[in-house]
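Here is the structure we will look at.
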Amino acid sequence: MPHETPLVATIVGAIVLAFILGTLAQRLRVSPLVGYLLAGILVGPFTPGFTADPELAMELAEIGVILLMFGVGLHFSLADLLSVKAIAIPGAVAQIAVATLLGMGLAHLLGWPLGGGLVFGLALSVASTVVLLRALQERRILESEQGRIAVGWLIVEDLAMVLTLVLLPALSEAMGGKPAGASQAELLFGTSSIAATLGLTLAKVAAFVVLMLVVGRRLIPWLLDRVAGLGSRELFRLAVLAIALGVAYGSAKLFDVSFALGAFFAGMVLSESPLSHRAAEETLPLRDAFAVMFFVSVGMLVDPAIILRSPIPLLCTLLIVLVGKSLASFALVRMFGYGKGTALTISASLAQVGEFSFILAALGVELGLLPQEGRDLILASAIISILLNPFFFLALDKLRGKLVVQKPEDDVGMGPAAALAATAQSNHTVLVGFGRVGRLVAAGLETAGTPFLVVEDREDAIHELKEAGIEVVPANAAAAEALVAANVTGARRLILAIPDGFEAGRVLRRARELNPELDIIARAHSDAEVENLRQGGAGFIIMGEREVARGMLGHVFGLNDAAREASPGKVEGERTQIITPEGVFFPVDEPLKPADTADESILPDVGEVLAGKGRSPEEASEAEAEKTGKLMAG
């Protein structure tokens, strides 16, 4: 067996070092992305010791970009994309123009030709797909209006770069670069004029979009539905990967669009299928692993010596990326009538340089348009801006708290430091999260007349809560300011309805510090999450799978009927129920009394029934029904 395995060495070296440095970064309370980038620098060709293959790393990183954009597409519909076209298209085009002009100005000061300045400015104008999406996901605003605007903005940038990469070879000689080889336009039409090249490119993009929206919209969900019907989880997972990677690769080869754009459209047409959520779950582990490879590959491209070799040009380049682009984005979003919270979020998301910049810089050098120094500055500014981006978010969050004056009609600041009005409620329930579970809990609390408020940071959910007249603290619950504004200190209970048990654990620990006597209820999806929440001080933990099993067994052994008979008139017909480990159930779809005074119906513990030795299920049910009567009488 050969020992020369560059692919294996690259993957192992990158993943192991990224894990070590990412964990260290997390312990130091900074983004793990910082650790991944530093890992790339250490395994890159410009530092001593082990050196991974940068070309292999970049190809592996492309898989991460494909899976990430496919996952984003699964959460978007065509309507979502079209809903932000009024700001995403003109905003992205104007921001690209501003950043390009700033880059051309710096290139002119450095003595570069016009063509080199154009390539340099365009490379600085686009943001990283992976970094932007990670930032939105960490703040849980990917599916909010702000997230839709950012992703729409990103798609427009991708399309602009696709056109640039196709047109640049055709314009190279006119801008003082090397003449390119025969283009497709020349082979098809006998001319390589700009009009012919642009027309062919637009025709290809249009053909791809039409094919995906007309054919793919029907074929892809149908195919996945048929595979799901086979009952094999392995085949289903393989089908999802085949669709994501196959469409991305095919779109790049046949229509000359980017891998990222092809994967996004594949996900978007699949989003209309009922299986889209399952498809997203199946791709998540691979998506995260290959996204790490992207950041490592970026770090491998950078020569740290550029900091000593060209400090002033590098500083000016960073100012264009971090300040110029951010101010332009902020001003443009505000010009379109959006609030300061949205403008700050978009400007922070775009304050970095992405993967298209590397491709564009390499093409510019190959065509003789961009000097070698220009490519080094682009790569160095990319890694430094990505390193600084998490801190940039923190700084803008603090700035947001000073800038944003909360008004009913203004959008809500999402940062933890945003100005928050304290609630006047006390002895109330604090509900964290207004997703699928949170909505049901809120409906039950409101029906029961139990005083409560919701802590939520997704803008669309915040507006929905306000329209419904439900008090909401518009912030991420992990921030201490959010819990203070919710008056956790004076609250009676805390319900953590967010799906991530480990994220809930962070909120739980802060809440426990503020109120040691607080009754905390949480949800979990695994034994590890249960243990984490228990150690944090949760008094009541619900694990969905176990409760589903309890409900099913309760029906099999007639325990639900026994509980209904024990409380006649309480439940009419078949009603939706919430069954807790203590045996309390509440019919959430019919009026309830306030929690303090409502009668509780006791559902016997299924485990005790199953443990009944030598008894038939009917006998066990009768015995447990008798036990129910005694408990109620007591």
Side-chain angles (χ1 to χ4, degrees), residues 26-27 29 138-141 394 397-398 401 412-442 444-446 448 450-458 461-462 465 470-544 578 580-582 584 595-596:
Q26 184 74 22
R27 294 287 295 175
R29 297 184 181 276
E138 285 178 2
R139 299 169 68 79
R140 298 174 61 218
I141 57 173
L394 293 175
D397 281 339
K398 293 180 180 179
V412 182
M414 292 295 172
L420 298 173
T423 181
Q425 293 193 51
S426 61
N427 198 32
H428 58 296
T429 295
V430 177
L431 172 61
V432 175
F434 195 65
R436 288 180 295 175
V437 173
R439 290 171 188 274
L440 293 173
V441 175
L445 293 172
E446 189 173 26
T450 302
F452 75 101
L453 59 82
V454 179
V455 181
E456 178 58 74
D457 62 356
R458 291 180 298 115
I462 292 169
L465 286 163
I470 298 174
E471 185 176 359
V472 56
V473 175
N476 191 312
E481 292 84 354
L483 298 179
V484 171
N487 190 22
V488 166
T489 305
R492 180 179 180 183
R493 70 175 64 88
L494 172 69
I495 301 177
L496 296 165
I498 53 180
D500 190 332
F502 293 101
E503 181 183 355
R506 291 194 292 272
V507 179
L508 185 153
R509 286 173 173 83
R510 291 191 174 184
R512 182 62 72 199
E513 291 174 2
L514 293 172
N515 186 348
E517 303 300 323
L518 189 66
D519 179 22
I520 301 179
I521 304 167
R523 59 183 286 207
H525 294 286
S526 66
D527 292 333
E529 289 184 357
V530 170
E531 185 60 28
N532 179 57
L533 292 167
R534 182 177 290 114
Q535 290 178 358
F540 185 73
I541 304 168
I542 293 179
M543 189 169 169
I578 298 176
T580 70
E582 278 74 10
V584 181
D596 294 337

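Residues take their numbers from the sequence shown, with the count starting at 1.
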Atom pair [atom1]/[atom2] of [X] and [Y] - distance to nearest 0.5 Å:
| X | Y | atom1 | atom2 | result |
| --- | --- | --- | --- | --- |
| R493 | T450 | CZ | OG1 | 6.5 Å |
| I520 | L494 | CD1 | CG | 5.5 Å |
| F434 | I498 | CZ | CD1 | 15.0 Å |

I495 vs L445 side-chain heavy atoms within contact, under 4.5 Å: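 In short, these two side chains touch, coming nearer than 4.5 Å.
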
Is there a side-chain contact between N487 and Q425 (heavy atoms, below 4.5 Å)?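 No, side chains not in contact.
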
Which atom pair, heavy atoms only, marks the closest approach of [X] to [Y]?
| X | Y | value |
| --- | --- | --- |
| E513 | P516 | O-CD, 4.4 Å |
| A538 | L508 | CB-CD1, 3.4 Å |
| E456 | I462 | O-CD1, 3.5 Å |
| A511 | L483 | N-CD1, 3.7 Å |
| V432 | A477 | CG1-CB, 3.5 Å |
| V430 | A486 | CG2-O, 3.8 Å |

side-chain hydrogen bond (donor to acceptor under 3.5 Å, both in side chains) partners of R510, counting only residues at least two apart: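 Residues passing side-chain hydrogen bond (donor to acceptor under 3.5 Å, both in side chains) with R510: none at all.
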
Pair listing, salt bridge (Lys or Arg N to Asp or Glu O under 4.0 Å) test, anchored in residues 532-542, at least two apart: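 Listed by first then second residue: E531-R534.
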
Residues forming a side-chain contact (heavy atoms from CB on, under 4.5 Å) with [X], sequence neighbours excluded:
| X | answer |
| --- | --- |
| E446 | F452, I470 |
| N515 | V488, E517, L518 |
| A522 | L496, L533 |
| V437 | V441, A497, R523 |

